[in-house]
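Since the structure comes first, as structure tokens, the remarks are kept for the end.
Bear in mind that the values here come from a model prediction, so they are computed numbers and not experimental data. All residue numbers refer to positions in the sequence shown, counting from 1.
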Amino acid sequence: MAVPIAILDCDLLLYGRGHRMLDRFKLEDVTDEYLVSMYGFPRQFIYYLVDLLGASLSRPTQRSRAISPETQILAALGFYTSGSFQTRMGDAIGISQASMSRCVANVTEALVERASQFIHFPEDEASVQSLKDDFYGLAGMPGVLGVIDCTHVTIKAPNAEDLSYVNRKGLHSLNCLMVCDARGALLSAETHWPGSLQDGTVLQQAALNSQFEAGLHKDGWLLGDSSFFLRTWLMTPLHIPETTAEYRYNMAHSATHSVIEQTFRTIRSRFRCLDGSKGTLQYSPEKSSHIILACCVLHNISLEHGLDVWSSPATGQMEQPEEEYEQMESLDSEACRIRRELLLSHFS
């Protein structure tokens, strides 16, 4: 005899039948202060996300009742900015924690699909020149197209016995390669690299490396620290400066490169799911990578909407393994020549 199996709908148990669309929370019923405290962003920013992502979040579903795009976005923002699936947050917008998890997955994928729309290098000549001018205004370093560095985000241990994600501190992490402009807006973000890889190895294997080697970004260079090799398109500090010009170059390099470190701190403070204060990301490496990239997209969108990149105080600590790299000068003679000319023409 067949035994009937009951499939329980968490939201159905909570709220009963009769609502085809779960939309129990109304943005217009609360203040901006409440929205910022609960979800990290003000009303108009959330409305923009609803317009941007609404079509993707309204896809056909096999479930009897769809959750509205607005509610899905609030759930995802609540997770990104708090780092946990809190019962009170689900109660506030009228969904269960299980539904919150689905909402985070849906919104994350919708943001990742739009990553190239919001994270990219400028292409027209005027925008490229403006990028260089902004960097030059920081510390007098000419020709800078972006500052580059890596940052680690801890994740749960993969199910498989995979040591490639174990970093130098013995923690499982993703090593994320990012480039930003002088305002802190991200120009490139590769968030999927295993934590065991050192920064220089990540760059060597990255799509960013292929782009610059192919000459897609000409007439300028990135600034990176000594964990990277000197390239014709990547200026690094001098290991042992001796002359006044070399000291000036290193000081300008350090002051300009600090923008990426400030950007990492800002992303950590705004998106607490990444800072380790509520534990590691409890997802597979692939899903964790997508969550990190989704936060990067939101970071850039927030800048476009005038939300001050430096406004939030840093809280928590994103795990940062100390790199144990050997200081080595590049064997690229052309790169050495370009750096020497830069020293002579701008720092002597």
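- Residues satisfying the salt bridge (charged side-chain N to carboxylate O under 4.0 Å, His left out) test with Glu125, not counting sequence neighbours, are none.
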Without placing hydrogens or testing angles, list every side-chain donor-acceptor pair under 3.5 Å for residues 131-143, not counting sequence neighbours.
unit_1 : atom_1 : unit_2 : atom_2 : d
Lys132 : NZ     : Asp219 : O      : 2.3
Asp133 : OD1    : Gln129 : NE2    : 2.9

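- Using a distance-only test at 3.5 Å, with no hydrogens or angles considered, no donor-acceptor pair links the side chain of Glu213 to the main chain of Asn209.
- Considering only residues two or more places apart in sequence or on other chains, Glu304 meets the side-chain contact (heavy atoms from CB on, under 4.5 Å) condition with Phe118.
- A heavy-atom distance below 4.5 Å is not found between the side chains of Met38 and Leu74.
- The shortest non-hydrogen separation linking Phe347 to Ala252 is CE2-CB, 3.6 Å.
- For Ser37 (side chain) and Glu33 (main-chain N/O), a donor-acceptor pair under 3.5 Å exists by modelled atom type.
- Residues His299 and Ile267 come closest through the heavy atom pair ND1-CG1, 3.7 Å.
- Rounding to the nearest 0.5 Å gives a distance of 13.0 Å between OH of Tyr283 and CD1 of Ile155.
- Contact check for Phe41 versus Leu307: side-chain heavy atoms found under the 4.5 Å cut-off.
- A donor-acceptor contact shorter than 3.5 Å links the side chain of Arg114 to the backbone of Ala110.
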**OP:** Evaluate side chain to side chain contact (heavy atoms under 4.5 Å, CB included) for Leu163 paired with Ser196, printing each intermediate quantity in order.
**Re:** CA-CA 8 Å; Leu163 297 180; Ser196 66; over 6 Å; no

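- With sequence neighbours excluded, the residues satisfying salt bridge (charged side-chain N to carboxylate O under 4.0 Å, His left out) with Asp32 are Arg43.
- Across every non-hydrogen atom of Leu177 and Cys150, the tightest pair is CD1-SG, 3.5 Å.
- Smallest separation of non-hydrogen atoms from Asn167 and Gly195: CB-O, 3.5 Å.
- Atom CD of Glu123 is surrounded by 12 or fewer heavy atoms from other residues, nucleotides or ligands within 6.0 Å.
- Although no hydrogens or angles enter the test, the distance criterion places no donor-acceptor pair under 3.5 Å between the side chain of Ser101 and the main chain of Ala98.
- For Asn250 (side chain) and Pro237 (main-chain N/O), no donor-acceptor pair under 3.5 Å exists by modelled atom type.
- Contact record, Ala206 with Glu190: CB-OE1, 3.3 Å, taken as the closest heavy-atom pair.
- When side chains are defined from C-beta on, Val297 does not count as touching Val112, because their heavy atoms never get closer than 4.5 Å.
- With sequence neighbours left out, Thr232 forms a side chain to side chain donor-acceptor pair (under 3.5 Å) with no residue at all.
- Counting only heavy atoms from C-beta outward, the side chains of Ser348 and Thr243 never approach each other to under 4.5 Å.
- Across all their heavy atoms, Asp275 and Arg268 have their closest contact at CB-O, 3.8 Å.
- By the 30° and 60° cut-offs, the orientation of the rings of Tyr80 relative to Phe271 is perpendicular.
- Side-chain contact between Val107 and Leu49 is absent, with no heavy-atom pair separated by less than 4.5 Å.
- At least one donor-acceptor pair closer than 3.5 Å links the side chain of Thr266 to the backbone N or O of Gln262.
- Applying side-chain contact (heavy atoms from CB on, under 4.5 Å) to Leu223 and the options Asp149, Thr236, Leu234, Val147 leaves one that passes, Val147.
- Listed by chain and number, the residues in a side chain to side chain donor-acceptor pair (under 3.5 Å) with Glu286 amount to none (sequence neighbours excluded).
- Summarising the geometry, atom OG1 belonging to Thr263 is positioned 10.0 Å from atom CZ belonging to Arg183; distances are rounded to the nearest 0.5 Å.
- Taking the six-membered ring wherever Trp is involved, the centroid distance between the rings of Phe212 and Phe121 falls below 6.0 Å.
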Subject >> Verdict with supporting geometry, Leu53 and Leu111, side chain to side chain contact (heavy atoms under 4.5 Å, CB included) >> reply: CA-CA 8 Å; Leu53 307 178; Leu111 288 168; 3.9 Å; yes

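- The structure places CG of Leu203 at 4.5 Å from CD1 of Ile148, a figure rounded to the nearest 0.5 Å.
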**OP:** Could you please spell out the steps behind the ring-ring contact (aromatic ring centres under 6.0 Å, His included) verdict for His172 and Tyr165?
**Re:** CA-CA 5 Å; His172 290 82; Tyr165 291 94; 7.7 Å; no

Subject >> Check against side chain to side chain contact (heavy atoms under 4.5 Å, CB included), Leu230 and Met235 >> reply: CA-CA 6 Å; Leu230 179 70; Met235 294 292 104; 3.8 Å; yes

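- Under the 30°/60° scheme for interplanar angles, the aromatic rings of Tyr48 and Phe45 are found to be tilted.
- The shortest side-chain heavy-atom distance between Leu274 and Thr151 does not fall under the 4.5 Å cut-off.
- Judged purely by atom type and a 3.5 angstrom limit, Asn175 uses its side chain to pair as donor or acceptor with the backbone of Leu197.
- Under the 3.5 Å distance criterion, the side-chain polar atoms of Ser258 are matched with a main-chain donor or acceptor of Ala255.
- Note: Ile73 CD1 to Glu70 CD = 8.0 Å, rounded to the nearest 0.5 Å.
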**OP:** Begin from the C-alpha positions of Thr280 and Gln282 and carry the test side chain to side chain contact (heavy atoms under 4.5 Å, CB included) through to its verdict.
**Re:** CA-CA 6 Å; Thr280 62; Gln282 296 298 304; 2.8 Å; yes

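- Listed for the Gln72 side chain is a donor-acceptor partner under 3.5 Å among the backbone atoms of Leu57.
- You'll find the side chain of Leu174 reaches within 4.5 Å of the side chain of Ser288, heavy atoms only.
- Atom CZ of residue Arg231 and atom CD of residue Gln204 lie 6.5 Å apart, to the nearest 0.5 angstrom.
- Aromatic ring orientation, His257 versus His253: parallel (interplanar angle below 30°, classes split at 30° and 60°).
- With rounding to the nearest 0.5 angstrom, the CD atom of Gln211 is 6.5 Å from the OG atom of Ser188.
- For the pair Arg270/Leu298, no side-chain contact is recorded, criterion being any heavy-atom separation below 4.5 Å from C-beta on.
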